[in-house]
Amino acid sequence: MAGPTDLAFDPWDPAFVADPYPAYAQLRARGRVIRYEPTDQWLVPHHADVSALLRDRRLGRTYQHRFSHEEFGRTPPPPEHEPFHTLNDHGMLDLEPPDHTRIRRLVSKAFTPRTVERLRPYVEGLANDLVAALAANGGGDLLTDVAEPLPVAVIAEMLGIPEAERGQLRPWSADICGMYELNPSEETAARAVRASVEFSDCLRELIAARRQEPGEDLISGLIAAHDEGDRLTEQEMISTAVLLLNAGHEATVNATVNGWWALLRNPDQLAALRADHSLVPAAIEELMRYDTPLQLFERWVLDDIEIDGTTIPRGSEIAMLFGSANHDPAVFTDPARLDLARKDNPHISFSAGIHYCIGAPLARMELAASMTALLRQAPTLALAEEPKRKPNFVIRGLEGLRVEVR
């Protein structure tokens, strides 16, 4: 079994977190599946395998629809973590059919192309306002001034969360998402539990208010769907709202700052983008491939599978390395090079299969809106100081990105 001493893969090493891509190349050279003892997982680093496993119904985001913890050979989570797991386990990302199918069908109505397109004036208007303020100030922190407020406001608007309560959304989300890192500490778990309780209480009050006075928001829509016969428990409504808030902005925030940091380190590509704004859609896809916001995605093995002659037994956990798959030279020519004109770009940053990101069209719209606004209103944007990476490995981002507009 491979351990931290004989693998360059070390998600707790700041040097690895700063640039995991050379280590991924070593993993891909080592094989198609590698046992990693520190997290009790099987690492899958190749694009073809990750893509196939995301669609393989012998794997699941949960196992509790088929097995108890004991039957699956797993230890139940500690009782003190229960608020987090109640919240997390009732969201569609951690459910399997038929519950996943039922909830996704309801939520997908809010993410149809027509519905998303109706948001365009709001998204582009807000992006322009945020960038105008950044430019007027001569610069600032791209993370807190543009990358965070745009998607948080958009998903909060969709959910119908009042303005006065939006300030806590990002901190709650950050604390909850800390539990998605590998081997989270008890301190991380305690923050996630506290955020789960506070966020759930906030949404429970909002649901009660919307029952009395429905609006045009998604929460009201879920209540109406329940009343019309599409059964959705209150906990499922709460968990769905939290999932949409977390998933609806975490990737976009990190894709924005990771992307601009990559552009600022590749001035030839930034110059090409500034010269030709029609490159924006292709640039977004390439930047999400080049420095993937979600580096790892986990699945449980519900029935024995075989990868390259190795049997992965039921009860195991597989860690699909999105960042490695997106740098696989078997799929991407010269993957370590940022190429905004890349034509063939089947990155898997939005996942695949039944858990493909339902908000991908909205995320692309938000990324295009902020990028276009920055290109137009801050054409001289430059780095003000070297950014620091967040210590997180799974959800990849920066502590901030200080820029100046000369």
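No hydrogens, no waters, no symmetry mates; every other heavy atom, side chains included, goes into these values. Each residue takes its place number in the sequence, starting with 1.
- Applying the ring pair (Phe, Tyr, Trp, His ring centres under 6.0 Å) criterion to Tyr122, with sequence neighbours excluded, gives no partner residue.
- Counting only residues at least two apart or on different chains, the salt bridge (Lys or Arg N to Asp or Glu O under 4.0 Å) pairs with a member in residues 239-261 are Arg170-Glu250.
- A salt bridge does not link Asp19 to Arg265: none of the charged side-chain nitrogens sits closer than 4.0 Å to a carboxylate oxygen.
- Applying the side-chain hydrogen bond (donor to acceptor under 3.5 Å, both in side chains) criterion to Asp89, with sequence neighbours excluded, gives no partner residue.
- In this structure a side-chain-to-backbone donor-acceptor pair under 3.5 Å is missing from His249 to Ala156.
- Without hydrogens or angle criteria, Arg191 side chain to Gly178 main chain gives no donor-acceptor distance under 3.5 Å.
- Ring geometry for Tyr36 versus Trp12: interplanar angle under 30°, hence parallel rather than tilted (30 to 60°).
- Checked against a 6.0 Å centroid threshold, the rings of Phe332 and Tyr290 do not count as neighbours.
- Looking at residues two or more places apart in sequence or on another chain, you find a side-chain contact (heavy atoms from CB on, under 4.5 Å) between Asp334 and Arg337.
- Between the side chain of Arg32 and the backbone N or O of Pro45, no donor-acceptor pair lies under 3.5 Å.
- Enclosure of atom CD in Glu70 by more than 12 non-hydrogen atoms of other residues, nucleotides or ligands within 6.0 angstrom is indicated.
- Checked against side-chain contact (heavy atoms from CB on, under 4.5 Å), Val107 has the following partners two or more places apart in sequence or in another chain: Met92, Ile103, Phe111, Leu222, Thr240, Leu244, Ile358.
- Here Asp175 does not pair with Arg194 in a salt bridge; the nearest charged N to carboxylate O distance is not below 4.0 Å.
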Only distances under 3.5 Å count here; give the side-chain donor-acceptor pairs of residues 292-300 to other protein atoms, sequence neighbours excluded, each with its distance to 0.1 Å.
unit_1 : atom_1 : unit_2 : atom_2 : d
Thr292 : OG1    : Met288 : O      : 3.4
Thr292 : OG1    : Arg289 : O      : 3.3
Thr292 : OG1    : Asn326 : ND2    : 3.1
Gln295 : OE1    : Tyr24  : OH     : 2.6
Gln295 : NE2    : Tyr21  : OH     : 3.1
Gln295 : NE2    : Thr292 : O      : 2.8
Glu298 : OE2    : Gln41  : NE2    : 2.7
Arg299 : NH1    : Leu54  : O      : 3.4

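- Checking side-chain atoms of His46 against main-chain N and O of Gly31 turns up a donor-acceptor pair under 3.5 Å.
- A donor-acceptor contact shorter than 3.5 Å links the side chain of Thr86 to the backbone of Glu82.
- Ionic pairing of Arg74 and Glu317 is not present here: no N-O contact between side-chain nitrogen and carboxylate oxygen is shorter than 4.0 angstrom.
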Inset, instruction - Let me see the working for Asp308 and Thr310 under side-chain hydrogen bond (donor to acceptor under 3.5 Å, both in side chains), right down to the final yes or no. - result: CA-CA 6 Å; Asp308 198 26; Thr310 298; over 6 Å; no

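- The environment of CD in Glu216 is sparse: at most 12 heavy-atom neighbours from other residues, nucleotides or ligands sit within 6.0 Å.
- Shown here are the side-chain hydrogen bond (donor to acceptor under 3.5 Å, both in side chains) partners of Arg376, two or more places apart in sequence or in another chain: there are none.
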Inset, instruction - Dump the intermediate steps for side-chain contact (heavy atoms from CB on, under 4.5 Å) on Asp94 and Leu243, then the final yes or no. - result: CA-CA 10 Å; Asp94 281 79; Leu243 171 64; over 6 Å; no

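- A search for side-chain contact (heavy atoms from CB on, under 4.5 Å) contacts involving Pro313 returns Asp304, Ser316, not counting sequence neighbours.
- With rounding to the nearest 0.5 angstrom, the CG atom of Leu87 is 5.5 Å from the CD1 atom of Ile176.
- Partners of His355 according to the ring pair (Phe, Tyr, Trp, His ring centres under 6.0 Å) rule, which considers only residues two or more places apart in sequence or in another chain, are His100.
- Residues forming a side-chain hydrogen bond (donor to acceptor under 3.5 Å, both in side chains) with Ser239 (at least two apart in sequence, or on another chain): Gln235.
- With sequence neighbours left out, the side-chain contact (heavy atoms from CB on, under 4.5 Å) criterion links Pro281 to no other residue.
- By the side-chain hydrogen bond (donor to acceptor under 3.5 Å, both in side chains) test, Ser324 is found to be paired with Arg28, residues two or more places apart in sequence or in another chain being considered.
- Salt bridge absent: Glu71 and Arg66 never bring a charged side-chain N and a carboxylate O closer than 4.0 Å.
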